[in-house]
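Written below as structure tokens is the structure these notes are about.
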Amino acid sequence: MSDAYDPVFNPGGNPVTDQLPLQGQVAIVTGSSRRNGKAMALALAGDGAAVVVNARTAKDEISQVAREIEAVGGRALAHLADVTDEAQAKGLIEAAVAKFGRIDILINNAALRGEKPVLEMSLKQWHEVLDVILDGAFLCSREALRYMVKQRYGRIINIGGVSAHLGAPHRAHVSAGKSGLVGLTRGMASEFAAHGITVNCVVPGRIGGQRSATSGHGITASPPVGREGIPEDVAMVVRMLCNPAASYITGQTIHVSGGLYMP
């Protein structure tokens, strides 16, 4: 893709005044039934993208997110898929293309965040977490890239975790998976930059609000900004990276943590 805006996304030539920046684009957000995933799905829809909302089992929740998008004039599809299953990951990407005709944005947000001391952790428990975080991101990215390469345009954002950078007890499996996403990000960014595809990693810090029972509690430090984050803080950075104007940012790990971690 050239530096000029593609007329498919920006027919009038001005991304600010003519239309929403993601008009005509299609996004998939894995693990988007709630919290950060939901906020990202709503934010991308607000910028004009058609959004595929995904979860493994939370059918009612993703259907509600899709209805919220449609209620304000957006386009959405709720699609159940286990991203660790190769056929289902492929089916998720194909469902987006079948419904909306293309795939431009993939947000790899699906994750398990269990807690277990290393000496008590079974190999099965280790793989359960890594499979969702790392295998899921690989499988979904591989299938989405097949379409993005043909289009010569795409945005992939992997959602990391601050425990991979700070360390946290009982979360070695989560930290290993999230650290792997940084390497996956850099590898794909290098390989596909020439195709007009950017790949970045966004790392949320301590995000407040209702957490799942498996959310970690090992990070006790307070961010220098004096508050926990909210899902919309994460969504704001994701929106920026998905914008066609962000074509010069790739291979980066960007922390959204209020200064909790400063590389």
Side-chain angles (χ1 to χ4, degrees), residues 27-32 36-37 40 44 52 54 56 81-93 96 103-114 125-168 171-205 216 234-235 237-238 240-242 246-257 261 263:
I28 296 174
V29 184
T30 68
S32 48
N36 293 340
M40 290 184 285
L44 296 178
V52 179
N54 161 260
R56 180 165 57 181
D82 179 350
V83 297
T84 70
D85 182 282
E86 191 167 10
Q88 291 188 47
K90 182 178 181 180
L92 173 62
I93 306 303
I103 172 65
D104 304 282
I105 297 165
L106 171 64
I107 313 298
N108 287 310
N109 177 63
L112 289 180
R113 298 177 179 84
Q125 290 168 328
W126 168 266
H127 278 296
E128 283 175 346
V129 171
L130 263 71
D131 286 355
V132 176
I133 295 173
L134 203 49
D135 290 3
F138 163 69
L139 290 171
C140 290
S141 296
R142 186 187 65 183
E143 298 307 317
L145 282 163
R146 300 187 195 281
Y147 294 95
M148 292 178 178
V149 167
K150 292 177 182 178
Q151 295 168 183
R152 297 195 61 79
Y153 181 89
R155 298 282 186 267
I156 295 178
I157 299 176
N158 299 315
I159 305 301
V162 74
S163 65
H165 302 269
L166 290 174
R171 305 196 78 193
H173 46 357
V174 178
S175 295
K178 294 295 190 177
S179 295
L181 286 180
V182 174
L184 179 64
T185 296
R186 291 172 178 165
M188 293 195 302
S190 299
E191 188 169 344
F192 294 99
H195 298 278
I197 299 165
T198 66
V199 187
N200 291 288
C201 182
V202 171
V203 183
V234 181
V237 176
V238 169
M240 181 272 290
L241 292 171
C242 290
S247 62
Y248 205 57
I249 305 171
T250 195
Q252 302 305 303
T253 298
I254 301 174
H255 290 260
V256 187
S257 65
Y261 177 76

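If you're wondering where the values come from, they're calculated on a predicted model, not measured in any experiment.
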Handout entry: Those residues that, when tested against D131, pass side chain to side chain contact (heavy atoms under 4.5 Å, CB included) (two or more places apart)
Key = T84, H127, D135
Problem - Close side-chain approach of V203 and Y261, heavy atoms under 4.5 Å - result: no
Problem - Contacts of type side chain to side chain contact (heavy atoms under 4.5 Å, CB included), residue F192, not counting sequence neighbours - result: L145, V149, M188, H195, I197
Handout entry: Main-chain N/O of Q252 paired to N200 side chain as donor or acceptor, under 3.5 Å
Key = yes
Handout entry: Shortest non-hydrogen separation from L44 to A27 and the atoms involved
Key = CD1-CB, 3.9 Å
For a quick test of your reading: what N or O donor-acceptor pairs under 3.5 Å do the side chains of residues 175-187 make, sequence neighbours left out?
residue	atom	partner	partner atom	Å
S175	OG	S163	O	3.3
S175	OG	R171	O	3.1
K178	NZ	I159	O	2.8
S179	OG	S175	O	2.8
T185	OG1	N158	ND2	2.8
T185	OG1	L181	O	2.7

Practice task
Work out which heavy atom in G37 is nearest to a heavy atom in V29; give both atom names and the distance.
Solution key: O-CG1, 3.7 Å
Completion exercise
CD1 of I157 to CE of M240, rounded to nearest 0.5 Å, is 8.5 Å
Problem - Residues forming a side chain to side chain contact (heavy atoms under 4.5 Å, CB included) with A189, sequence neighbours excluded - result: V199, T250
Problem - I93 side chain near I28 side chain, heavy-atom distance below 4.5 Å - result: yes
Practice task
Please check if the side chain of T198 supplies one atom and the backbone of R155 the other of a donor-acceptor pair under 3.5 Å.
Solution key: no
Fill in the blank from the handout: dist N109:CG -> S32:OG (nearest 0.5 Å) comes out at 7.5 Å
Handout entry: Heavy-atom closest pair, residues M148 and L106
Key = CE-N, 4.1 Å
Handout entry: Gap separating the OG1 atom of T30 from the CG atom of L92, nearest 0.5 angstrom
Key = 8.0 Å
Practice task
Check the angle between the aromatic planes of H165 and H255 and answer parallel, tilted or perpendicular using the 30° and 60° thresholds.
Solution key: perpendicular
Handout entry: Within-4.5 Å side-chain heavy-atom neighbours: V256 and V202
Key = yes
Completion exercise
Taken to the nearest 0.5 Å, the spacing of I156 CD1 from I105 CD1 works out to 11.0 Å
Handout entry: Side-chain donor or acceptor of R152 paired with backbone N/O of A194 under 3.5 Å
Key = yes
Exercise for the section: Please list, chain by chain and in numerical order, all residues satisfying side chain to side chain donor-acceptor pair (under 3.5 Å) with Q125, sequence neighbours excluded. Expected result: S122
Completion exercise
NZ (K90) and CG (D85) are apart, to the nearest 0.5 Å, by 12.0 Å
Exercise for the section: Output all residues satisfying side chain to side chain contact (heavy atoms under 4.5 Å, CB included) with R146, sequence neighbours left out; order by chain, then residue number. Expected result: R142, E143
Handout entry: Nearest non-hydrogen partners of V83 and C140, listed with the distance
Key = CG1-SG, 3.7 Å
Completion exercise
dist H173:NE2 -> L130:CG (nearest 0.5 Å) comes out at 9.0 Å
Exercise for the section: Write down the atom of V234, the atom of P204, and the distance for their closest heavy-atom approach. Expected result: CG2-CB, 3.8 Å
Exercise for the section: Taking S141 for its side chain and F138 for its backbone only, find out whether a donor-acceptor pair lies under 3.5 Å. Expected result: no
